[in-house]
Number of protein chains: 6
Amino acid sequence: MYSDLPADQLAAYRGSTRAPEDLDRFWADTLDEARQHPLAVEVIPYPSGLRTVELYDVVFPGFGGDPIRAWLRLPARSIRGDAPLSGVVQFVGYGGGRGDAHENLFWASAGFAHLQMDTRGQGAGWSKGATPDAAGSAGPQVPGVMTRGVLDPQTYYYRRLFTDAVRAVEAMRSLSEASAVQVDPARVAVLGQSQGGALALAASALCPDVAAVVAFVPFLSDFPRAVTVTDSYPYREIRDYLAVQRGQVETVMETLAYFDAVNLVPRSTAPALFSVALMDTTTPPSTVYAAYNNYAGPKELTVWPFNGHEAGAIEDDVAALAFLQKQLAG
Amino acid sequence: MYSDLPADQLAAYRGSTRAPEDLDRFWADTLDEARQHPLAVEVIPYPSGLRTVELYDVVFPGFGGDPIRAWLRLPARSIRGDAPLSGVVQFVGYGGGRGDAHENLFWASAGFAHLQMDTRGQGAGWSKGATPDAAGSAGPQVPGVMTRGVLDPQTYYYRRLFTDAVRAVEAMRSLSEASAVQVDPARVAVLGQSQGGALALAASALCPDVAAVVAFVPFLSDFPRAVTVTDSYPYREIRDYLAVQRGQVETVMETLAYFDAVNLVPRSTAPALFSVALMDTTTPPSTVYAAYNNYAGPKELTVWPFNGHEAGAIEDDVAALAFLQKQLAG
Amino acid sequence: MYSDLPADQLAAYRGSTRAPEDLDRFWADTLDEARQHPLAVEVIPYPSGLRTVELYDVVFPGFGGDPIRAWLRLPARSIRGDAPLSGVVQFVGYGGGRGDAHENLFWASAGFAHLQMDTRGQGAGWSKGATPDAAGSAGPQVPGVMTRGVLDPQTYYYRRLFTDAVRAVEAMRSLSEASAVQVDPARVAVLGQSQGGALALAASALCPDVAAVVAFVPFLSDFPRAVTVTDSYPYREIRDYLAVQRGQVETVMETLAYFDAVNLVPRSTAPALFSVALMDTTTPPSTVYAAYNNYAGPKELTVWPFNGHEAGAIEDDVAALAFLQKQLAG
Amino acid sequence: MYSDLPADQLAAYRGSTRAPEDLDRFWADTLDEARQHPLAVEVIPYPSGLRTVELYDVVFPGFGGDPIRAWLRLPARSIRGDAPLSGVVQFVGYGGGRGDAHENLFWASAGFAHLQMDTRGQGAGWSKGATPDAAGSAGPQVPGVMTRGVLDPQTYYYRRLFTDAVRAVEAMRSLSEASAVQVDPARVAVLGQSQGGALALAASALCPDVAAVVAFVPFLSDFPRAVTVTDSYPYREIRDYLAVQRGQVETVMETLAYFDAVNLVPRSTAPALFSVALMDTTTPPSTVYAAYNNYAGPKELTVWPFNGHEAGAIEDDVAALAFLQKQLAG
Amino acid sequence: MYSDLPADQLAAYRGSTRAPEDLDRFWADTLDEARQHPLAVEVIPYPSGLRTVELYDVVFPGFGGDPIRAWLRLPARSIRGDAPLSGVVQFVGYGGGRGDAHENLFWASAGFAHLQMDTRGQGAGWSKGATPDAAGSAGPQVPGVMTRGVLDPQTYYYRRLFTDAVRAVEAMRSLSEASAVQVDPARVAVLGQSQGGALALAASALCPDVAAVVAFVPFLSDFPRAVTVTDSYPYREIRDYLAVQRGQVETVMETLAYFDAVNLVPRSTAPALFSVALMDTTTPPSTVYAAYNNYAGPKELTVWPFNGHEAGAIEDDVAALAFLQKQLAG
Amino acid sequence: MYSDLPADQLAAYRGSTRAPEDLDRFWADTLDEARQHPLAVEVIPYPSGLRTVELYDVVFPGFGGDPIRAWLRLPARSIRGDAPLSGVVQFVGYGGGRGDAHENLFWASAGFAHLQMDTRGQGAGWSKGATPDAAGSAGPQVPGVMTRGVLDPQTYYYRRLFTDAVRAVEAMRSLSEASAVQVDPARVAVLGQSQGGALALAASALCPDVAAVVAFVPFLSDFPRAVTVTDSYPYREIRDYLAVQRGQVETVMETLAYFDAVNLVPRSTAPALFSVALMDTTTPPSTVYAAYNNYAGPKELTVWPFNGHEAGAIEDDVAALAFLQKQLAG
């Protein structure tokens with residue numbers, strides 16, 4: 001059923017948060033700090049038994065230089081040839097990790113170099129991960145990562161994860177023959193669903209020269225509304241926290257504003273494909289529209305009227321394939 | 001949590017059903033009848049935008065000659081070369097259909113000809129299908145297909161679906177260059193999870209010369225116990241039916257015996273890989289052990305102690321890949 | 001709690017669907033086709049042990065001439081005498097069948113000839129049936145009948161069931177002494193709750209000369225709104241289907257328009273009694289008001305402010321008795 | 001699913017309670033006290049619009065002489081004639097009352113005088129009642145009546161209700177032409193489901209000369225086991241109470257022993273029909289078997305293997321009709 | 001999530017009930033009647049093992065002179081000295097009783113004489129009680145006390161409980177050295193949460209000279225709206241009752257108007273502290289605002305934006321301590 | 001209901017884990033390392049408005065010297081006098097922190113120095129905390145702390161928390177007049193419920209000279225059984241993790257063995273009071289009995305037959321008060 005705004009209000013909705021004055025500086029400083037750590041990318045062949053796709057186990061330095069894992073999947077040499085490939089950097093939904101190497105062969109089968117980034121400290125909820133979040137909690141929290149370090153933007157979990165995402169893009173662009181494949185740095189897209197969509201949007205704002213962006217039902221958008229229009233996790237973690245840490249409402253909201261897609265995407269310029277599902281209670285449609293309506297680049301939106309958070313699933317992927325083939329045409 | 005038999009009893013459990021005396025004749029007659037319809041297989045290229053895998057939309061005649069849809073996925077020509085391929089015929093879980101063409105690229109990426117059969121009259125519950133079940137209900141039923149036509153083995157839904165599965169194997173074996181690829185009929189395996197696993201077991205019993213069988217947490221096994229040890233659907237459909245159609249208990253149980261994996265797999269001889277999940281309430285472990293312990297061919301069993309019905313997921317697939325590469329080595 | 005429109009908007013709400021241009025022709029053709037099958041009604045005495053009521057097992061030809069079962073209940077001969085009786089044709093709610101012969105003695109006890117029609121292919125969910133839906137599925141579907149054949153009005157399940165309902169009225173009218181009782185064809189009413197109410201409304205639109213109509217919380221009304229304002233089954237089946245068969249939204253909505261009470265009842269002229277329950281999430285009040293407000297005959301509406309889908313239950317029946325005694329006074 | 005004892009243990013199970021030494025005296029004193037109030041039965045015709053059945057609104061003095069309501073339903077005079085009728089006294093399930101006059105026409109339609117007793121202080125949970133429980137709570141309690149006055153058998157709610165049940169039998173037997181119908185006191189049966197079945201058993205123990213007893217899935221049996229093998233209400237009320245009133249376990253159990261069917265039915269001698277449902281979590285099968293196995297009269301048991309607490313529903317009724325027609329044959 | 005009115009409408013909302021014309025007389029007569037029973041207060045030392053606080057088991061005459069239990073907790077003699085103390089009379093939430101003597105040491109530790117009143121006939125749902133509701137049910141009811149005697153204000157449960165609350169205040173004021181402590185009658189406050197808050201508001205209206213009032217998320221306010229905007233118990237009890245006792249809607253609403261905080265608090269004059277929780281579905285925020293906005297004395301409101309019915313919990317208590325220390329400053 | 005072992009098997013059950021060979025060394029090394037950080041305890045008066053109890057905000061060095069917060073509550077000076085006090089160190093249940101200063105006045109009111117330790121990195125789930133878990137995750141994890149660092153005993157979360165608990169005891173013992181109160185180091189007890197009970201047991205094993213131990217329904221006991229006999233959180237976190245990290249079963253079990261109460265309490269010698277609740281699904285009774293039966297000191301067990309995880313609540317506290325007054329008698 002529909003429980004969010006009516007269709008006409010959705011189409012016009014722009015969100016309820018405001019960007020902190022020092023937002024750009026915050027992220028510039030954060031990324032500068034991360035870039036102190038040299039971008040050394042390990043790319044190790046992973047024996048798979050597959051014949052059309054090659055798999056590689058990748059490690060690159062993320063926030064604080066922490067080693068971040070990823071899978072790199074490539075079309076077989078006989079198919080990809082020698083020219084530099086277009087690249088897709090994919091981010092993962094809440095609770096999951098980069099998964100198993102053998103999963104998700106779609107993008108490599110379509111001819112892309114495909115880097116699927118692990119999610120620090122998650123990766124046991126529904127798909128496997130291998131990357132710790134070494135930084136600790138910096139304060140009490142509820143289970144999950146939504147309130148880890150939330151009393152200060154400097155210590156908030158997503159400061160580390162967004163930085164990892166930017167560094168993943170940079171790692172992808174740095175791949176050359178030495179790393180089994182050469183990627184054309186001008187043809188790297190970012191893509192993800194839910195938390196993965198939020199990371200794609202964040203990466204598009206923080207690396208505005210990515211070639212294209214795909215964000216399916218993106219999470220982490222319009223926090224002030226999100227936490228009052230749904231009872232579903234993971235937004236619910238914030239409510240649970242504030243129901244106990246009653247005095248921290250303002251502080252928490254100030255922190256979240258640094259990570260809210262609504263505040264970041266006015267910095268994005270790459271062509272973008274979004275999707276929204278009208279029966280989605282995990283990322284309620286108004287919160288997705290808020291991100292979409294503030295997105296500053298060229299954009300398209302797929303609306304799924306009868307879906308929940310699964311949105312278009314494979315149909316979203318197939319649409320993204322057509323979109324990226326067009327945007328990344330060499 | 002564990003709610004089925006303790007481990008030692010599971011290992012020895014052989015089920016609570018008995019094969020009808022005319023079981024072999026029932027199936028021989030059924031298949032004879034289906035084979036009256038010539039095995040004309042349509043194989044139509046499906047434009048996909050993929051580069052390492054080719055997709056084909058397939059129609060073959062199933063029970064009653066009804067047109068059954070399937071996807072055929074092949075490694076790209078440059079990779080598969082000209083020699084006949086090993087084949088994997090995959091069946092799908094309850095409620096789903098053959099899905100979207102772009103899904104499930106695993107087996108073709110591993111070098112197999114991969115035929116994923118649609119499930120008549122299902123295909124809207126979680127993955128898409130395109131095949132009707134033209135035969136109608138033959139009696140009152142509860143929602144779903146578990147009780148469709150259940151008052152007589154001749155009219156029972158699974159008589160039609162099991163026959164489709166056998167015909168899918170035969171269709172796969174019949175593929176030759178005329179149909180884009182040549183498959184080695186001696187190297188065709190059957191595979192599936194849950195209902196798909198039941199179909200794989202049924203196919204192994206009814207085409208005992210399949211090269212190998214993979215059945216993850218197979219469904220439709222040891223009905224008399226299954227309907228009393230779990231409240232989960234779809235076994236629950238049978239309870240719901242009998243809770244209203246109170247006088248039909250014996251008749252229903254007589255019908256189900258013709259379709260019970262426990263009764264069929266003593267006819268199977270191909271090497272088989274099973275999996276079982278100890279916290280599975282959809283196909284409770286004892287019902288899977290009952291199928292496994294009665295299986296007459298060489299066999300292996302993977303036990304997942306902390307999983308529910310998802311069982312090993314991709315880890316089951318990767319194990320199946322190793323298993324099939326060994327069994328189907330050309 | 002109340003989750004639909006506020007009271008004043010409910011009172012004025014007229015629905016969100018539009019009648020197909022060929023609606024009348026569609027139904028005229030459908031009924032013509034059914035009437036090709038001669039109206040042979042079997043009426044077989046059913047031994048009951050009851051003394052004030054007589055029970056008969058009835059079969060009449062429905063859609064496609066399919067044999068449709070029903071119970072006929074009559075006041076005992078010593079009470080009904082020889083004059084023709086008024087008749088009540090009752091239809092049943094979703095999932096149920098005609099039930100057991102000994103149930104539902106109310107209308108015969110009140111002096112009516114009472115024909116309770118079975119529901120093809122249902123009849124195992126909460127009350128017993130005995131009538132198959134021989135026509136098969138014509139496409140993939142979710143469990144239940146809401147999406148059986150839904151891609152085309154010609155194959156949709158409710159085309160068959162609505163036709164059965166019309167033929168049940170005709171069967172009732174045809175009863176003469178040869179069939180144990182004589183019914184006055186001019187004094188036959190239709191009645192039902194939920195799906196049964198939808199069938200009563202459909203019958204009133206397709207046989208506009210029925211003497212009276214009783215529709216408690218009628219189902220199958222204002223589909224476009226119904227599928228977005230409730231998560232409850234059976235309307236939910238349509239959402240589940242469209243969540244997987246994403247590309248079929250328009251086609252499905254076009255089919256449903258032929259069966260939507262909102263589109264049919266402008267053809268109805270008989271006096272009608274409706275009920276609506278303001279806390280009903282199965283047939284949300286706005287969808288019932290939509291049917292009521294479009295109903296073209298004289299009409300009354302009972303509003304139950306604190307009930308869910310059970311609505312007035314026996315109190316609805318007692319009100320219907322007074323209503324029908326007035327409308328059918330010989 | 002099955003969660004109680006295996007079938008062979010069920011068949012032999014006799015319960016875990018023990019009768020208090022003064023059980024007979026307790027009930028003799030209780031009934032003596034009630035009988036101080038003269039048995040004045042009011043029988044007021046209730047206008048119904050029905051033709052085959054007559055309805056009467058009845059009041060008789062129950063425990064403490066409190067006015068207890070009931071419906072009396074009779075076959076129409078032209079059918080019942082002048083001879084005394086057999087009678088059925090029916091008791092109602094937990095939470096309900098005597099319902100509406102127009103409901104439940106089965107027993108009168110079958111030719112019996114049918115008295116349906118109201119349930120003091122209940123009658124708003126699922127069927128309507130009109131009788132207060134004037135006696136108050138005598139202590140703290142959880143919602144419901146299971147713990148009302150439970151700290152002393154003298155103040156326990158069911159002391160009053162069991163007494164009402166006995167007085168209902170006596171009221172039925174006292175009906176003579178002056179009260180519209182004459183009932184043969186030697187042909188009065190008691191009948192009920194769940195709480196109604198418990199009352200029927202209690203009446204059979206306390207009026208051992210009732211002609212027959214029908215107890216479908218009887219409640220209030222083997223309390224010590226019941227409260228530990230199910231989490232379902234209403235047995236759960238006792239757990240809820242003892243979870244807060246932790247010190248009262250022994251006292252509560254001592255009270256309950258006076259009302260436990262297991263302790264009462266060794267006093268019963270009338271022929272009895274029981275039913276039990278193997279998937280019933282409201283009155284778990286072992287607790288029903290405990291009552292059945294201790295029942296001292298001739299007895300039959302219907303076992304419903306796939307039902308919950310609804311048990312055989314109308315099929316139980318039809319079986320009861322055959323049973324009572326045999327037992328009460330005039 | 002938020003499901004009640006938007007913030008600006010909440011702030012202005014004044015409710016949907018209207019005071020009965022004889023409201024003042026009804027309560028004046030009720031209290032006069034209760035005061036016929038002399039205010040004899042028993043205060044019995046309760047051995048506790050505590051050193052800083054003294055505990056007493058108290059009995060005072062409530063409605064009808066019924067003996068009502070309470071705990072009196074005092075700071076140890078060495079701390080409280082000889083001067084009369086300020087007093088806090090606390091009422092308890094739905095289903096609970098006065099609890100255990102050793103619980104809730106907060107108010108005595110803060111230097112107050114603290115009387116925690118038991119709740120007649122409740123006291124087994126989540127905290128222990130010891131006081132019966134001797135008056136009985138006066139009609140059918142659903143489990144709980146919300147519909148006990150609800151067909152007449154004279155017999156309604158809350159007539160008795162509100163009277164107990166007034167008498168508790170009077171009992172507190174009457175404490176003198178003879179009862180272990182002397183309380184200053186001019187410095188007695190009332191306090192409670194949920195049902196306890198409703199009782200505090202009722203006491204403030206019926207004893208307008210209490211020194212201060214604390215009502216956290218008060219219950220029993222704006223019944224006509226409350227029963228339609230939430231499905232949560234205990235308001236839900238009223239819906240459940242009216243869903244079966246369909247004809248009693250008007251009568252029930254007339255009764256409830258005598259007990260509705262919205263109608264009572266225009267009589268209150270003492271300074272008051274309220275709290276409201278914006279995600280509370282037990283006492284929806286609009287119903288709390290309705291009480292607050294009609295409250296006639298000086299008032300403050302704490303708003304908890306992310307809490308449910310627990311509201312501020314200990315933070316509400318600490319705020320109440322500051323509030324009462326200010327209001328009751330000797 | 002009861003779902004664990006029958007009573008006689010519970011009484012004898014000793015668990016299913018085995019102590020690692022280097023268990024003593026592991027803990028000796030861990031504590032040595034912690035003790036490298038000098039035990040500097042900050043004790044800061046906390047203004048409370050209370051009169052009988054004094055509150056202090058405490059910080060002491062825990063694992064890694066991390067600053068751990070606690071509340072110290074003392075009876076008012078006029079009551080406690082000058083003699084050293086007995087002390088109670090209390091640990092908190094899963095998800096909670098030390099709470100608010102004004103909560104939990106019971107132990108200080110009873111005359112004890114009462115130190116309530118905060119729980120690092122928790123403290124937002126149901127009661128407030130203020131202490132981070134600075135150490136980070138060391139690997140992927142599911143939400144919560146049960147799997148944080150679980151692949152190695154060195155990095156496991158509970159290594160840090162158990163160490164904090166030991167240091168809390170040492171901090172308590174170090175209190176002298178300089179810190180507002182003098183505590184007799186020989187009369188310090190440890191106490192807690194659930195996770196708090198596990199910490200009390202761990203402290204008793206690692207500081208065997210604590211004067212007494214109170215463990216209500218202790219958690220973290222007999223992991224191998226616990227994770228298979230309940231689906232309730234927080235044990236469920238481990239299942240969730242192993243359902244995704246399927247290859248880690250053995251490694252995880254090896255880690256957990258270092259923290260399992262069953263393996264630790266054979267080192268305990270202090271007199272202990274346990275409680276167990278027979279309907280507890282959070283800490284199933286068999287797991288509590290396993291800890292109890294292996295406990296090496298004098299011991300008592302309170303059994304609550306009708307409680308879940310709340311167990312005896314205040315009644316457990318009152319029993320603990322009597323127990324500790326006896327054990328710690330100066």
From the list Ala130(B), Ala124(B), Gly95(B), the residue making the most non-hydrogen contacts under 4.5 Å with chain C is Ala124(B)
N/O donor-acceptor pair under 3.5 Å between Gln245(B) side chain and Gly123(C) backbone: yes
Scanning both residues in full, the closest heavy-atom pair of Pro143(B) with Gly144(C) reads CB-N, 3.3 Å
With sequence neighbours left out, the residues meeting side chain to side chain contact (heavy atoms under 4.5 Å, CB included) with Asn104(B) are Arg73(B), Gln90(B), Phe106(B), Trp107(B), His114(B), Gln116(B)
Between Gly121(C) and Gln141(B) the two heavy atoms that sit nearest each other are O-CG, 3.3 Å
With sequence neighbours left out, the residues meeting side chain to side chain contact (heavy atoms under 4.5 Å, CB included) with Val229(C) are Arg225(C), Pro284(C)
Okay, Ser127(C) and chain B: the region with an atom under 4.5 Å from a heavy atom over there is backbone
Against chain C, residues from residues 246-260 of chain B with at least one heavy atom under 4.5 Å, in numeric order, are none
Between Gly129(C) and Pro140(B) the two heavy atoms that sit nearest each other are O-CG, 3.2 Å
With sequence neighbours left out, the residues meeting side chain to side chain contact (heavy atoms under 4.5 Å, CB included) with Asp100(B) are Ile314(A), Glu315(A), Glu103(B), Lys128(B)
